[in-house]
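See structure below.
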Protein chains: 2
Amino acid sequence: MATGRTHRPATRSRGIPEATVARLPLYLRALTALSERSVPTVSSEELAAAAGVNSAKLRKDFSYLGSYGTRGVGYDVEYLVYQISRELGLTQDWPVVIVGIGNLGAALANYGGFASRGFRVAALIDADPAMAGKPVAGIPVQHTDDLEKIIDDNGVSIGVIATPAGAAQQVCDRLVAAGVTSILNFAPTVLSVPDGVDVRKVDLSIELQILAFHEQRKAGEEATGESEAVVRAPKDSGKGPDGDVPAVMPA
Amino acid sequence: MATGRTHRPATRSRGIPEATVARLPLYLRALTALSERSVPTVSSEELAAAAGVNSAKLRKDFSYLGSYGTRGVGYDVEYLVYQISRELGLTQDWPVVIVGIGNLGAALANYGGFASRGFRVAALIDADPAMAGKPVAGIPVQHTDDLEKIIDDNGVSIGVIATPAGAAQQVCDRLVAAGVTSILNFAPTVLSVPDGVDVRKVDLSIELQILAFHEQRKAGEEATGESEAVVRAPKDSGKGPDGDVPAVMPA
DNA sequence: CCATCTTTGTGCACGCGTTCACAAAGACAT
DNA sequence: ATGTCTTTGTGAACGCGTGCACAAAGATGG
């Protein structure tokens, strides 16, 4: 994205294709589950099934990292967990700030998966003075005025934007100016950033629209097609206002 | 997904490439903004800039929809909004259910962008009996026991899963059995679904890991490279527990 | 030590997506 | 009406990603 993904054209980072990088976290998750069940080794076929991909693709992906498998046996789970973690840079701790503590921002702050993989919520930042000092997920919210100082003091290089769309670009500019070089954007806006800064976006609205497209297509085929399956018939409604509200977007 | 995206191999739906479909919502958003500012026409160059894509790509994307532009002038904003909306199936109303009303589920329910583009939250569903009847975002939460009836009564074909990972597959199975054919999955799990069902996933953890990879790469290049810019130095911390908690994932 | 069997690692071909570059189309001025 | 100028629509080339299919590698048993 991804789907999502902001233009990183032909920049195959250190020879590892972008598509492969995007799948490594998937493998890592499956491997971690196996590790917790104390499974010692796993074949490409099994692991591929668990990760929901083709086994040939998985093997090719791993081949970019090196030859970590044993022919006739499979992959050592623990070893592979370590190798992938290292490749993804998860052996170190990444402090993260979340800007915009509304419904979504608070949900993100409460998300347990943060700490699990080397990410740590270093600070929560919001523009509303009334929020300042109020603890969310055990972390006191700080005011936007101190953004630069917070970034600097904590050595933050990854920022999460969960503000309304109108504020996103401005927040983004300040984050970048303060030294942030990776941004995860939940606001429904296209952010423009200088070279060297990575942006990934997560947009609920876009995801739903893509699903709607396919849904419509299915309905259309069904109508013209053979089997007269049950056609879903949604009622129509007045169009709602176009919210400038924080959102959730996909890579 | 991308990035998400679940394997839809060579199924170019009605001739429109999947990559193009994924960008249509982006164009639509930019066009809507122009429409609100009463801009009558826009060139491919301007619109591409607003959507953050290449102008040639945009023109090719539009060429799949038909010839809606005027050479020497550009595109009629209102007309294009309508055409894209129609293509995406947004001229009709799509009732959506959200299953799993935790932090994230509640945030999604409160998200204003839902109503804006033809989506309507038809019901909120949670497994916790204590939640039943309690209103979230003005909509009373219903119990999982009634899931099938809710789907059927409202003619729902799109479901959003915001449950913990452990419950996701089970919820998914029930949704599909009840007639849902499109699923937006926020749980950090690979869902397996029968053919004909579309799944898109949004995973915060995966997005962060991808950013961490690039971040690490930048740091590495910096070290071996020329300019001795300020190297961010995050402190290390004890590894947190691997939460089974709801998440946020990108296509 | 040899044979067999499993599973990895990868060369190759194919298809999708992106980008360039330009001809065709139309607006607009004279 | 004719010429100029802008902008679209698209043919063609290229590169990335995917999947097949198989040879190489190693484990395992006799």
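Between the side chains of B:Thr32 and B:Glu36, not a single donor N or O lies within less than 3.5 Å of an accepting N or O.
Separating the CG atom of A:Asp76 from the P atom of C:dT7 is a distance of 16 Å, rounded to the nearest angstrom. Following rounding to the nearest Å, B:Leu58 (CG) and C:dG17 (P) show an atom-to-atom distance of 16 Å. Counting to the nearest Å, the C1' atom of C:dT10 and the OH atom of A:Tyr64 are 10 Å from each other.
Test B:Tyr68, B:Phe62, B:Tyr27 against B:Tyr75 for ring-ring contact (aromatic ring centres under 6.0 Å, His included) and you get one pass: B:Phe62.
A donor-acceptor pair is defined here as one N or O able to donate and one able to accept, closer than 3.5 Å; no such pair exists between the side chain of B:Gln216 and the backbone of B:Phe213.
Neither OP1 nor OP2 of D:dG17 sits under 4.0 Å from any side-chain N or O of A:Asn54. Residue A:Arg59 places no side-chain N or O under 4.0 Å from the OP1 or OP2 atom of C:dG11. Contact check, B:Tyr75 against D:dG9: a side-chain N or O comes under 4.0 Å of OP1 or OP2.
For A:Thr70, the listed nucleotide lying nearest its side chain is D:dG26; candidates were C:dG17, C:dT8, D:dG26. Of the candidate nucleotides D:dT18, C:dT8, C:dG9, C:dT8 has the atom lying nearest to any side-chain atom of A:Ser44. The A:Ser63 side chain lies nearest to C:dG9 when the options are D:dG9, C:dG9, D:dG26. Counting only heavy atoms from C-beta on, A:Ala19 has its side chain closest to D:dG17 among C:dT18, D:dG17, D:dA21.
Evaluation of the side chain to side chain donor-acceptor pair (under 3.5 Å) rule for A:Asp173 yields A:Gln169 as partners, not counting sequence neighbours. Considering only residues two or more places apart in sequence or on other chains, A:Tyr82 meets the side chain to side chain donor-acceptor pair (under 3.5 Å) condition with none of them.
Comparing B:Val73 and A:Gly66 by the nucleotide of DNA chain C that holds the closest heavy atom to each, the one mapping nearer the 5' end is A:Gly66.
Scanning atom types as modelled, no donor and acceptor separated by under 3.5 angstrom connect the side chain of B:Lys57 and the base of C:dG17. With hydrogens and angles ignored, a donor-acceptor pair under 3.5 angstrom links the side chain of A:Arg71 to the base of C:dT8. Not a single donor-acceptor contact under 3.5 angstrom links the side-chain atoms of A:Lys60 to the base of D:dT18.
B:Phe62 comes within 4.0 angstrom of no nucleic acid atom, judged by non-hydrogen atoms across all strands.
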